Structure formats: structure tokens, C-alpha cells
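For reference, the structure discussed in these notes is given below.
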Amino acid sequence: MEYGFRDIERKWQDAWKQNKAYKVDNNSPKPKYYVLDMFPYPSGAGLHVGHPLGYIASDVFSRYKRLKGFNVLHPMGYDSFGLPAEQYAIEHGIPPAISTEYNINTFRSQLDKIGFCYDWDREVRTSNDDYYKWTQWIFLQLFDSWFDRKSQKARRLHELIDIFSSEGNANIPCPGDKHLHFTASDWKAFNEKQQADILMHYRIAFCGIGEVNWCEALGTVLANDEVINGVSERGGHPVVKKKLRQWYLRITEYAERLLAGLDTVDFSDSMKDMQTNWIGKSFGAEIDFDLVSENMLAEGKKLKVYTTRPDTIFGVDFMVIAPEHELVKQITSSGQASAVTEYIDYVNSRSERERMAEKKISGVFSGAYCKHPFEERQIPVWISEYVLAGYGTGAIMAVPCGDERDFKFAQHFNIPITNIIGSHFNGVDANPTKEAILENSGFLNGTKMLDAIAISITKMEELGIGKRQTNYRMRDAAFSRQRYWGEPFPIVWKNDIAYALPVSSLPVALPQLSDLKPGPDGQGPLANLPEWTAFEGGTREVNTMPGYAGSSWYFLRYMDPQNKQEFCSREASDYWGQVDLYIGGTEHAVGHLLYSRMWTKALFDLGYIGFDEPFKRLVNQGKIGGDSRLVYRVRGTKQFVSAGLKDGYETDEIHVDVTLVDGFDLDMDGFKKWKPDFADASFITEEGIYKCGSRLEKMSKRYFNVVNPDDIVVKYGADTFRMYEMFLGPVEQDKPWDTKGIEGVHRFIKKLWRLYADAEKGIVLTDATATDASWKAFYKMLKKVEEDTARFSFNTAVSCFMIGVNELTDLNCHSKDLLSKLLIILAPYAPHISEELWSVAGNQGSVLDSNYPSVEEKYLVETSKEYPIAINGKTRTTIELDVNLSQQDVEKLVMAEPVVIKWLEGKSPKKIIYVKNKMINVVI
RNA sequence: GCCCUGGUGGUGGAAUUGGUAGACACGCAGGACUUAAAAUCCUGUUCGCUGAAAAAGCGAGUGCGGGUUCAAGUCCCGCCCGGGGCACCA
């Protein structure tokens, strides 16, 4: 009876599908457990062996939890809307709906071969209208909400309107326009358009004009997390700042809660740090400086700056405002007018990328001054792009002795520097210390800087010239894309007012469109459909939602995927609650994770769900790198020289498809057939073998180092593949793929098989009770496998199986009782062979629904242990000792050891350290 | 520059709280079975030194340099290198 994994795996995959082995019910007396994978965007390239790593880990854990008596939700779906899918569709000339469907089918067939325990009845696709209906619905809830800073939660807009009608906005500062102030009677007097504009400034999902990241090549705006180093994350196209009307999510209002929530979840430190840094909270002060300018427009105006170091107020030598600052025009003196205009033009001519690439010091004097609040001196106001319009107040007080950028700027423009930190400032570099005792600092003289921060703020508050202020670096998230393949907004514009469409009209279906060219005036492709945009006397919103819209809440839909009345019933979300274990890559650290955390908080605030953090625990799987193979072509010829001989030639390195290489040995005939270019290649070999070079790099088509899981499954089976992926190393860690290494795991599985069945003799299981030694081997394995599985140390768990099977083989164990138990603990890792042998052994039911065995400690009790004896910390010998011996007994036995006697050289030891169950150390 | 990670044999990695460094595999070398191959099995495998060899022994050894400790891959201080994130954020 051979291990015919192909038949076995197909047989059980079919059986499980037929009897709905992975169907999950929302009603169960068992405790719930929710395991979630970050769902994939179904790319055209299909899966390579790196992708399923996280899926296998979560699958193993789900199956383990199920055997431990939990009702486990473990769903899968597709993030099928979004820019990449649309780009793919455009590049291949296929409508995105069709290419997406096709790509999903490819993914699905690949996933199916690996034997996952997903409940496919719960599959979601973000681009299906029965899904995006609810994405639109949630958008409408956010559109109909505002964030109450006092209670720190989202509330309904009608409550805000009630407040406005009774007291204006005196107690509700406007997040969208802080200069906005009105009374109750003002409110009542406003017309519909004015009221709508004001409400828009409060809505959590809002439309506004703002500086956005515009990517010309992609024809759309991008969110901050989609821009890396001034170019688009996808495609690497240049990105420029542009003022546009856009939809946004007011995620900044949630900054504090997003920060606080991190303390309640189990994410890695680096993940929490990334989010914390992205939010970028800082403490400081806002200070008003009186302006002095010959320009009449500056009359009575103040310049408001934000600083985290108000203690350095006496070290201010100049002010800097952003080129986009609203005061630029008003304060510029006539003498400086042309220089300022020229500078602003220069700044506007520079793309984001240029600014990033060459950070040269630039700026212009405005001609205006500020009065120092505590001293009779005037401070020049400069304009420079190193101050960002979007952060703080868009203006700073520059303290060159303490801040590196201010220092460089002062040096560049020969601005005199005031030293307030004495010897801490050397005149060559700025020193941002907080330890110095202040000098040249008026009432702060003699105070330590750290203490002066609070003192100075208090003073400024007394004088009414400044106040304590907390700032966040995070910006509101751009929420519209000028693209086709996304959720249409359920919004219609009439007389420049955005009206929400009624819930009854959802979903607003994405119309079919064959030509995806941009619409006029930078609008999306939907603008090309006048018959669609014209709607009930108004115009539909033609932007679509970004890729992260659907993924911000998909974990909720899995709980209740077929619900036609609600996005997810409260009953279902109360039952399943938070995702207990979320597995995915780090690339979503600040994008997807922040957005879905925010959506969860908003839905919680509005009473739709009962928890405000979506993911209780997050595990980031590492990436699997490709192991590329290289051949060396002698320059200018069609001759290829083997890696060991290449140093004697001038060569060009060429990537060769890894499937043409066994280890490092090139299949030369295969190589010739691979590409027409190489058909007449000749080889300089090492004793008839052409050795390739190798390099570890990203697994990618262009390096020809992609390994397809389908090929591995055909050759070794899904069980081997699953176990090998787990065996490769810790899940969280990046690691290279080495197809050769899989042999070891495959051998293990075959060896396991032989405990149950023999090629000639057939089934070799016996009813005889297993020996104590076998039970000991088994329980040792069980204990370690369970511990390791529970702490996601899957690689060591696989080792334990190997050790256990090696031991049971040596012990010649064929006990049906023992080996059936072994199948249960193996099933999470290798479900197919476990199920097959479970039925071969004549067990009832499915191994998937067995009870995880518990450890019988009595077999693990040790009466003696082999202790290492160290002399001065260095192990010299070992000794077998009874575990219950006293210190005195041990000392006596140790002193009698020949090796110890030899090292003592007749002296007596200073001390003998005996740590029970660990070791013995003799100190000489 | 700042923050976070990681650095262990030829390779992937193990060592959960300071207690036998290198588990388990890959690869390699040798052997058994076979006409042969595949498959399978066995033995060895951190490096260096002393042994003809085996047995055995000695020395060094977890990126580098210090330290704490009876004992350090693990803890502390100072560096170096790789990976990831952020980057005029006042």
C-alpha cells in the first residue's frame, strides 16, 4: 500500500466539499474563534509559493482551534475593486469585470489544491453589487455623521443641526474651517446651500477642496500611504500636489482613539510604532506674533506659529511661513513683491519628487517683521518651502541655535544667530538639547529648558498670546479616485449641494463601460456617461471610492455574508466579535489597518457593532524570497560558461528560469529550447555539468525565479507543501524558498505513512497496546506540538513531528490506538493524509471533528536525568542522576567522577552549583 | 538623520524563564540494498589541533569590543553590518 498522495488528496478534497465539512454556523454552543487572512487582490500573475504562507499558518491554527472545541470562522474572499485591477484590465484590453472574474478563478483553483478549510459559502468580493451596496451604505452613515470631540465619538448629523439651531457652533469648533463661527440665529438665517456647506465641514465623510497627491500617469489622486518617496506606490509614477475637489474621510478626528486603541490590541511593536509615527502626535504651543509690515493688508494681523519648544522663545531669530500660507500676499512688502512672486513660481514648478530628491535650502524674505512678544526686537518673516502648509499652522518660529534646519537656513541667508544655551551651542551645529540652562532668555534665564517649556506656556496663556496645543501629523484620507473600477458614490449633486441617495436606492450600480479613458477636466471615466450622470434633475458624483473602501469592513461581512437587510446583523457581529487572529503582510501597516480601525470605531459609535477595535491580534507573515539562478554568457558570443569557470572570461549575467535548474545544475537542452535566442547556445562546462550562479532576491516574473505552488503540489502533494512552508522558519520572518529542502518533509510524510501501511504488507496497524516507551514518545511530541502550535511556532512543531515519527519508527510502534491520536494532532498540518489514515485505521467520522488528545503526564515522569557537569562553566562530562537527589548526594557523586577529579588536580572545589533538572557546575 | 527589526555551521533554522550552542531538515561525504537507477535505510558532518585510525582529549566558537555572573546566543554599555518604516512634521 503506497502513499498515493494525488488520489488521496483529490478524494478528500471532493469529500469535504460534498459533505460541507467546512461550513460554519452562526449558532453554536461552542465558544467562537475568528481567524482571518488579509484577503487578496486577485492579480493576473496568480499565486507563487510566497503567497500562501500566511494562509497556511492561519489554516493550521483554525484547524487546531476546531479540534480544541471552538466554532471557528475562517473565511476567504477577494479585494477585487481597485486601481491595480483596473490597470491590469486596461493593459490587457479586457473589461475589469471579466479579467477580475478570470483571475479570481485562477486564484481559487490554486487555493483549492492546497486544501484550505475556508467556508466558501461566506466568500465576499468587494466588486459584487451585493457587497458594495453595503460599502455605499456605510459611506452614507459616515456622510451623515460628525465627530463630537467632547465625547470623542461619531454622532448623527441631525443632532448637530439641533445644536446649531439652539446655540450656533460656539461649543463645537469646526474641524474643516476653524475660523467658522455662527450663532443660532445666524444658522436659521442661512440658506440651504450655506447650511449644506457648513455641515460638509463637519461630516466624517466629506467633500472639499484640498491639496491632493495627483498622479498624472494613473489619472487619479492617491492617498498619502499610496505615495512612496514622491512617486506612486503602484507603478512608480510621479506625483504632484494639486488643488482639487475630493472626498475625504475625517480620520484625523480619530487620531486620539486610534492611538489609544493600540494599547488594547496585540500587534507587534514595529506595527504599533509605524501607526504611532504615522499619526505623529506632538505636544507644544501655538503662539501669536504681532505682524509689522508696510503692507496695509497686514494691519492688525497676527502670525500664529506652532512649536514643540516654547522654551526657546528668546532664541527666535526669524520666522518662516509656508509658500502656500494665506498671509503671504498680505504681508509682502512692495520692495520684496517681485522676489516673492518669483520664489512662489519656483516652488510651484517643483514636483513632489524634486522636492524630495534635492532638499536644497531656498527661501525669500517677505519684507515683513514680527514683534517679539517679550522683547523689543523685530524678527524678519521669511517664506520657505521647508515649512509645510499642512502641518501645525504652516508657520514656525525659527530658533537656529537649537534646530538643525533653522540653523542651516540662517547660515545660508546670513541671519544672525542668538545663542540661548551657552556652551551647548558651538556655532557649527544646532543643538536640540532640552538639558541646557537658558541664557539670553529674559524671565526664563537660569531655568532648565525641560522646565521652561511649561513655564513659558503658562506665561503666554496668562498674557493671552499663546496656548498649549497638541498636533497630529496624520492628514485626512483622500477618499475619491478619478477611476472606473470602484464603488460609485451614492451621491447626487444639485445646485452644488451634495445629496445622499436614499438607502432604498442602493446599490448604485457601477455602469458598464468599455472604454476606460478619463473624463473631461481630470474627472474619472464615469463622466463620459452623460445618460448615467444625469439623475433626478442633478448630476451624479462621478468619482469612485478607493481600493481601501471595501477592505475597511470586509471582516464584518464574512460574519453574515448573505444578509440582504443589513451589512451584518447585530446578532452575528455580537456572536463573532473581534477577529481573534489576523494574519497578513506588513505592507498594510498604515493604510488598510488604520482605515479599518477607523471604520470599526465609527460603526461602533453609531451603534451598529459592539466593539471598536476590529483585530484583537495581528501576526505579520514574512515574505518568501526567490532564489534566482544565473548563467554567464561570454560577452559577444553564444557561449555560456559554468559558474566555477566564469572568472576567466568577460561575461554577462543572465537570469535563467529556475525550473530549468536542478540545484545548481542547468538542464542544457531545456535551456536551448527555453528561448529562441539560446537555441544555438554552447556551454563551457565543469566535467560535463553546467553550474549556475545564484542570488536571493524578490520572487518575481522578471527574475524567472517564481515557483508556482501548483507545480509543488503536483510533485509532492498538498500536505508536504503545507508542512514545508511551515517548516521553512518562523512565520513572521522573511526567508528564501529552496525547493530542494522539501524532500526532507516529503520523506517525513512517507515515513509516517509506513507506521500505518507497508508497500507489500498493506495495513500494519495492530490492536495491541502501545508500550510505555511509545506512549512517552507520543506524549512528548503532543505536548511540544500543542505548545508550539499555540504560540505560532509552526516550524518547531513540524520538527517535533519528525522527531516523534523517528522515535516511533525506531520503537516499531504500530498501535492503532496511539497512531490514531497522532493523526488528530497532525491533521491541522497535513489534513489529507490524516483523514485518509484515520479512515484506513477504521475510525468513525472525520478526523477534522475529533477531540484534540490531552497529555497523559504519567508517561512523561522522569526518574533520572543526564546532567552536564561543567568545570568553571565549561561542560566537561555528563552524569546520569536520580532527579530526587539532595545537594549533598549530588556533590558526593560529582566529586567521584574521574573527569572532575582530573580537573581538580588534587584541589578542592570552591563551590558546587546544582540546579535541579538543569545542570551542575563545579567552581575551582 | 530618527524609529523598529535581525546578525548562530556550507544552507534553512533550533535553543520558550541566563543553565549541555548547533535540535530538526537541506546539502555534502561514505556505506547497505539493486544488473543499474529511483526509492529506502545506515554512518559521519561547527572549526582548528593532537591521535595511522577509532576511541578519546585539548583549544576556539552565536557580527565586533568591553562588562555583570558560578554560568551569557540570551542581561548591561559602546560599536559594525543587513532588512523594513518614516523623513524638511517645527
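What you are looking at is a predicted structure, and each value in this text was computed from that prediction instead of being measured. Chain letters run A, B, ... following the sequence lines, proteins first and then strands; every chain starts at 1. Because only heavy atoms are used, hydrogens play no part in the values below, and waters and symmetry mates are left out as well, while side chains stay in.
- Protein atom NZ of A:Lys272 is 17 Å distant from nucleotide atom C1' of B:G85, rounded to whole Å.
- Judged by distance alone, the side chains of A:Thr276 and A:Trp278 never bring a donor and an acceptor atom under 3.5 Å apart.
- If you check B:A14, B:C58, B:U16 against the side chain of A:Arg876, the one that comes closest is B:C58.
- In this structure the side chain of A:Leu881 reaches within 4.5 angstrom of the side chain of A:Val890, judged on heavy atoms.
- Look at B:G51: its glycosidic torsion is within 90° of 0, and that puts it in the syn range.
- Counting any heavy atom pair closer than 4.0 Å across all strands shown, A:Trp737 reaches no nucleic acid atom.
- Counting only heavy atoms from C-beta outward, the side chains of A:Tyr829 and A:Thr789 approach each other to under 4.5 Å.
- For the pair A:Met397/A:Phe318, no side-chain contact is recorded, criterion being any heavy-atom separation below 4.5 Å from C-beta on.
- Taking 90° from 0 as the syn/anti boundary, the base of B:G9 is oriented syn.
- With rounding to whole Å, A:Glu587 atom CD is found 15 Å from B:G83 atom C1'.
- No side-chain donor from either of A:Asp311 and A:Ser456 sits under 3.5 Å from a side-chain acceptor of the other.
- If you check every strand for non-hydrogen atoms under 4.0 Å, A:Lys902 touches sugar and phosphate atoms only.
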Nucleotides 47-51 of chain B: which of its N/O atoms have a protein N/O under 3.5 Å away?
none

Point to revise | Base-pair map of RNA chain B as dot-bracket, where | denotes pairing with a different strand and pairs are Watson-Crick or G-U under 3.5 Å | key: (((((((..(((......[....)))((((((.......))))))(((((.....)))))..(((((..]....))))))))))))....

List, with names and distances, any nitrogen or oxygen atoms from the protein found under 3.5 Å away from nitrogen or oxygen atoms belonging to nucleotides 2-8 of chain B.
none

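- Among B:C24, B:G83, B:C86, the nucleotide with an atom closest to any side-chain atom of A:Arg473 is B:C86.
- Using a distance-only test at 3.5 Å, with no hydrogens or angles considered, a donor-acceptor pair links the side chain of A:Lys272 to the main chain of A:Leu262.
- Side-chain polar atoms of A:Asn620 and A:Thr586 form no donor-acceptor pair below 3.5 angstrom.
- As judged by a 4.0 angstrom heavy-atom cut-off over every strand, A:Lys750 is placed among residues touching the sugar-phosphate backbone only.
- Distances from the side chain of A:Lys735 to the nucleotides B:A39, B:G13, B:A25 place B:G13 closest.
- Side-chain N/O atoms of A:Lys751 and A:Asn806 include a donor and acceptor closer than 3.5 Å.
- A gap of 16 Å separates the P atoms of B:G22 and B:G57, to the nearest Å.
- Counting any heavy atom pair closer than 4.0 Å across all strands shown, A:Phe727 reaches a base atom.
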N/O contacts under 3.5 Å, protein versus nucleotides 18-21 of chain B?
from  : atom 1 : to       : atom 2 : distance (Å)
B:U20 : O4     : A:Glu866 : O      : 3.4

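- One atom, CD of A:Glu725, and another, P of B:G12, lie 17 Å apart when rounded to the nearest Å.
- For the pair A:Gly392 and A:Lys911, nearest-nucleotide mapping onto RNA chain B gives the more 5' position to A:Lys911.
- A:Leu388 comes within contact range of at least one nucleobase, with a heavy-atom separation under 4.0 Å.
- Side-chain contact between A:Met781 and A:Ile803 is absent, with no heavy atoms from C-beta onward closer than 4.5 Å.
- A:Tyr716 has its OH atom 17 Å from the P atom of B:A25, to the nearest Å.
- Each of A:Asp788 and A:Val590 has a nearest nucleotide on RNA chain B; the 5'-most of these lies closest to A:Asp788.
- As rounded to whole Å, 20 Å separates atom P of B:G13 from atom CZ of A:Phe748.
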Exercise for review: Check the pair A:Asp266, A:Arg617 against salt bridge (charged side-chain N to carboxylate O under 4.0 Å, His left out), reporting the backbone distance first and the verdict last.
Suggested key: CA-CA 4 Å; A:Asp266 186 1; A:Arg617 174 163 195 182; 3.5 Å; yes

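- Between A:Asp734 atom CG and B:G83 atom P the separation is 11 Å, expressed in whole Å.
- In this structure a side-chain-to-backbone donor-acceptor pair under 3.5 Å is missing from A:Arg695 to A:Asp627.
- At a threshold of 4.0 angstrom between heavy atoms, the contacts of A:Ser384 with the nucleic acid are absent.
- Counting only N and O atoms by type, the side chains of A:Tyr386 and A:Ser362 include no donor and acceptor under 3.5 Å apart.
- The residue A:Asp406 sits apart from the nucleic acid: no heavy atom pair falls under 4.0 Å.
- When heavy atoms are screened at a 4.0 angstrom cut-off, A:Val305 is found touching no nucleic acid atom at all.
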Collect all protein-nucleotide pairs involving nucleotides 66-69 of chain B in which both atoms are nitrogen or oxygen and the distance is under 3.5 Å.
none

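- Summarising the geometry, the separation between NE2 on A:His746 and C1' on B:A38 is reported as 13 Å, rounded to the nearest angstrom.
- Residues A:Ile924 and A:Lys910 are not in side-chain contact: their nearest non-hydrogen atoms beyond the backbone lie 4.5 Å or more apart.
- For A:Arg791, whose side chain is taken as the heavy atoms from C-beta onward, the closest listed nucleotide among B:C88, B:U16, B:C24 is B:U16.
- Taking the side chain of A:Thr307 as heavy atoms from C-beta on, and the options B:G83, B:G59, B:A90, the nearest nucleotide is B:A90.
- Between A:Met449 and A:Arg309, the closest side-chain pair of non-hydrogen atoms falls below 4.5 Å.
- Crowding of A:Lys281 atom NZ: a count of heavy atoms from other residues, nucleotides or ligands under 6.0 Å exceeding 12.
- A side-chain N or O of A:Thr796 and one of A:Ser793 form a donor-acceptor pair less than 3.5 Å apart.
- Looking only at atom types and distance, the side chain of A:Glu880 has no donor-acceptor partner in the side chain of A:Tyr867 under 3.5 Å away.
- Side-chain polar atoms of A:Tyr472 and A:Ser282 form no donor-acceptor pair below 3.5 angstrom.
- Phosphate proximity of B:A90 to A:Tyr306: absent, as no side-chain N or O sits under 4.0 Å from OP1 or OP2.
- In this structure, A:Asn471 reaches neither bases nor backbone, as no heavy-atom distance under 4.0 Å exists between it and the strands shown.
- Using a cut-off of 4.0 Å between Lys/Arg side-chain N and Asp/Glu carboxylate O, A:Glu807 and A:Lys776 are scored as not salt-bridged.
- Relative orientation of the A:Trp737 and A:Phe721 rings is tilted, given thresholds of 30° and 60° on the angle between their planes.
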Between the protein and nucleotides 26-31 of chain B, are there any N/O to N/O pairs under 3.5 Å, and if so, what are the atom names and distances?
from  : atom 1 : to       : atom 2 : distance (Å)
B:C26 : OP1    : A:Arg747 : NH1    : 2.3

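- Nearest to the side-chain atoms of A:Met274 among the listed nucleotides B:G85, B:A90, B:A14 stands B:G85.
- Atom CE in A:Met802 sits about 6 Å away from atom P in B:A25, given to the nearest Å.
- Screening A:Phe5, A:Phe727, A:Tyr724 against A:His746 for a ring-ring contact (aromatic ring centres under 6.0 Å, His included) leaves a single residue, A:Phe5.
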